[in-house]
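A short worksheet on the structure shown next.
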Number of protein chains: 2
Amino acid sequence: MSPKPKSSDPAEAAFRAFVRASGLFRNRMDPYFARYGISASQWGVLRALQRAENEGLDGLQLSVLGQRLLVRPPSVTTLIDRLERIGLVSRRPDREDQRAKQVALTPAGRELVARVLVKHPAEIRGIMGCLSEPEQREFQRLMERVAAHLETSIDSISPDPRNLRDPRDPRERRSAAAGDRRP
Amino acid sequence: MSPKPKSSDPAEAAFRAFVRASGLFRNRMDPYFARYGISASQWGVLRALQRAENEGLDGLQLSVLGQRLLVRPPSVTTLIDRLERIGLVSRRPDREDQRAKQVALTPAGRELVARVLVKHPAEIRGIMGCLSEPEQREFQRLMERVAAHLETSIDSISPDPRNLRDPRDPRERRSAAAGDRRP
DNA sequence: ACGAATTAGTTAGCACACTAACTAAAACGC
DNA sequence: GCGTTTTAGTTAGTGTGCTAACTAATTCGT
């Protein structure tokens with residue numbers, strides 16, 4: 001074969017590196033949190049609730065949690081179900097909105113968060129420590145740029161997932177060119 | 001309390017930006033591939049098989065796919081099960097190893113890959129296009145640095161989880177001095 | 001004020017990741 | 001050669017994500 005430039009496109013190369021790093025990242029974090037008997041997603045919930053406490057709130061609505069964690073309502077429900085079952089959070093009715101519920105840490109949940117937080121800075125540095133401080137800042141800057149762009153291009157979850165009922169989607173309409181797989 | 005710098009740690013800020021960008025990224029890619037009736041993971045399989053074809057191979061073992069996609073054997077099995085069920089790939093026995101199987105694209109799979117690849121560069125630029133070319137290259141560099149570091153710290157899946165072979169590797173001649181990237 | 005639309009949350013059903021435990025074939029080790 | 005160990009792949013069971021469809025409460029429009 002002739003000189004076939006395999007990765008001449010910097011965008012694609014960056015894309016691929018991102019995908020790969022994300023996979024490795026997940027493979028690293030999952031066992032880390034498993035040592036505490038929780039999943040990475042569950043940790044996200046606990047941390048969000050702890051931050052809420054630090055801001056003087058005594059709970060968060062499920063919908064707020066979903067927006068923060070970039071997860072849709074049914075996933076939040078099952079996530080909280082399990083955390084409640086293992087006694088780390090509790091659901092309480094929201095006084096001001098009868099259909100909403102406030103989720104808060106239990107004492108056991110608070111204690112687990114504290115226990116994880118002791119080790120957390122070391123774990124984070126164990127991952128990001130391969131970059132110098134200026135590189136870490138650049139890394140952050142580029143990540144936030146991409147994230148901000150994704151946030152505007154797709155309003156995936158952050159604003160509210162269910163208001164996307166606009167039938168006038170200017171984008172490609174359900175290609176269905178050669179073979180339509182799943183109905 | 002006094003001035004409590006909440007994010008003075010660049011490592012943690014970078015870490016959080018990475019987590020958030022990964023979530024947004026997933027939320028963007030999932031519906032993209034759904035338009036073709038496949039998942040992002042399934043696309044990973046199809047693309048890997050197409051690359052193998054381009055290198056003259058007529059299939060890949062499940063274990064090789066698992067290493068490339070950073071996924072463990074049971075996940076590969078179910079992934080291939082479904083792709084086989086919808087007729088995009090096929091399993092064939094491996095001539096040289098009776099316990100292994102070769103997975104290859106079917107004509108329908110090949111056709112779908114071609115159809116996706118037409119739109120793929122635009123999709124990638126739609127995501128990475130918010131960065132300039134030099135930024136894309138820097139993004140790639142930092143990602144690969146972090147990935148390489150994760151790869152060595154955890155031998156999660158990439159090298160091969162199950163054969164942590166002993167020091168008598170036949171091709172130990174090379175310059176194993178500094179940073180050896182990928183075998 | 002009262003019916004329609006929106007919002008909070010759940011349920012049902014599917015896809016995909018994992019670990020643990022299994023079968024079967026290949027590679028070692030003596 | 002023959003038994004042990006390793007490797008390829010699958011099965012069973014769990015956790016997390018999704019969409020679609022539902023209930024119940026709130027808000028909006030007139």
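Chain naming here is simple, since letters A, B, ... match the order of the sequence lines and numbering starts at 1 in each.
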Next item on the list: Give the rounded distance in Å between these two atoms: CG of L83(B) and P of dC14(C).
Entry: 18 Å
Check: Taking atom P of dT6(D) as reference, at what distance in whole Å does atom CD of Q61(B) sit?
Finding: 19 Å
Note to self: So, does R82(A) get its side chain near the phosphate of dT16(D), meaning an N or O under 4.0 Å from OP1 or OP2?
What the structure shows: yes
Next item on the list: Examine dT19(D): is either OP1 or OP2 under 4.0 Å from a nitrogen or oxygen in the side chain of R72(A)? Give yes or no.
Entry: yes
Margin query: Any side-chain N or O of S75(A) below 4.0 angstrom from OP1/OP2 of dT16(D)?
Written below: no
Next item on the list: Keeping the roles fixed (side chain from Q102(B), backbone from P93(B)), state whether a donor-acceptor pair exists under 3.5 Å.
Entry: no
Next item on the list: Examine distances only and state if a side-chain atom of E84(A) and a backbone atom of V89(A) form a donor-acceptor pair shorter than 3.5 Å.
Entry: no
Note to self: Using a 4.0 Å cut-off on heavy atoms, which residues in residues 44-53 of chain A reach DNA chain D? List them by number, or say none.
What the structure shows: none
Check: So K101(A) and Q61(A), side-chain contact (heavy atoms from CB on, under 4.5 Å) or not? Walk me through it.
Finding: CA-CA 6 Å; K101(A) 287 166 188 172; Q61(A) 292 187 2; over 6 Å; no
Item checked: R85(B) vs D81(B), salt bridge (charged side-chain N to carboxylate O under 4.0 Å, His left out): CA-CA, chis, key distance, verdict -> CA-CA 6 Å; R85(B) 187 150 53 74; D81(B) 280 348; over 6 Å; no
Checklist line | Among dA20(C), dC16(C), dT10(C), the one nearest P74(A) by side-chain distance | finding: dT10(C)
Note to self: Short of 4.0 Å, heavy atom to strand atom, which residues of residues 90-102 of chain B count as contacting DNA chain C?
What the structure shows: D97(B), Q98(B), R99(B)
Check: How many angstroms lie between atom OH of Y36(A) and atom CG of L112(A), to the nearest 0.5 angstrom?
Finding: 8.5 Å
Margin query: I need the CD-C1' distance between Q67(B) and dT7(D), as an integer number of Å.
Written below: 11 Å
Next item on the list: For the pair R145(A) (side chain) and C130(B) (backbone), establish whether a donor and an acceptor sit closer than 3.5 Å, ignoring hydrogens and angles.
Entry: yes
Note to self: Students often get this wrong, so: under 4.0 angstrom with heavy atoms, is S39(B) touching a base, only sugar-phosphate, or nothing?
What the structure shows: sugar-phosphate
Next item on the list: For E12(A) and H120(B), run side-chain contact (heavy atoms from CB on, under 4.5 Å): C-alpha distance rounded to whole Å, both residues' side-chain angles, the deciding distance at 0.1 Å, then the answer.
Entry: CA-CA 9 Å; E12(A) 190 192 330; H120(B) 218 232; over 6 Å; no
Next item on the list: Look at S41(B) and dA17(C) and indicate whether a side-chain polar atom (N or O) is within less than 4.0 Å of OP1 or OP2.
Entry: yes
Notebook entry, point to check: Of F18(B), F15(B), F139(B), which is the lone residue that meets ring pair (Phe, Tyr, Trp, His ring centres under 6.0 Å) with F139(A)?
Noted result: F18(B)
Notebook entry, point to check: So which one's nearest nucleotide on DNA chain C is more toward 5', D30(A) or L60(A)?
Noted result: L60(A)
Notebook entry, point to check: In whole angstroms, how far is the C1' atom of dT16(D) from the CD1 atom of I80(A)?
Noted result: 13 Å
Item checked: Sidechain N-carboxylate O distance under 4.0 Å for E133(A), R137(A) -> yes
Check: L62(B) CG to dT11(D) P: how many Å, rounded?
Finding: 12 Å
Note to self: Could you tell me how far apart Q42(B) (CD) and dC14(C) (P) are, to the nearest whole angstrom?
What the structure shows: 15 Å
Next item on the list: Quantify the bending of the helix from dA1(C)-dT30(D) to dC30(C)-dG1(D) as the angle between its end axes, each fitted on five pairs, to 10°.
Entry: 30°
Next item on the list: May I ask you to decide if M128(B)'s main-chain N or O and Q136(B)'s side chain share a donor-acceptor pair within less than 3.5 Å?
Entry: yes
Note to self: Run L65(A) and I80(A) through side-chain contact (heavy atoms from CB on, under 4.5 Å) and show every step you take.
What the structure shows: CA-CA 10 Å; L65(A) 277 169; I80(A) 300 301; 4.0 Å; yes
Checklist line | Separation of atom CG in L79(A) from atom P in dT10(C), rounded to whole Å | finding: 12 Å
Next item on the list: For L62(A) and R91(A), run side-chain contact (heavy atoms from CB on, under 4.5 Å): C-alpha distance rounded to whole Å, both residues' side-chain angles, the deciding distance at 0.1 Å, then the answer.
Entry: CA-CA 9 Å; L62(A) 299 187; R91(A) 260 187 264 237; 3.9 Å; yes
Check: Roughly how many Å is it from CD1 in I38(B) to C1' in dC14(C), rounded to a whole number?
Finding: 17 Å
Margin query: Looking at G87(A), is its backbone amide N or carbonyl O close enough to the side chain of T106(A) to form a donor-acceptor pair, meaning the two atoms are under 3.5 Å apart?
Written below: yes
Check: Would you say a side-chain N or O of S63(A) is under 4.0 Å from OP1 or OP2 of dG9(C)?
Finding: yes
Margin query: Is the phosphate of dA17(C) approached by N27(A) (side-chain N or O, under 4.0 Å from OP1 or OP2)?
Written below: no
Notebook entry, point to check: Which residue lies toward the 5' end of DNA chain D, T78(A) or V76(B), if each is placed at its nearest nucleotide?
Noted result: V76(B)
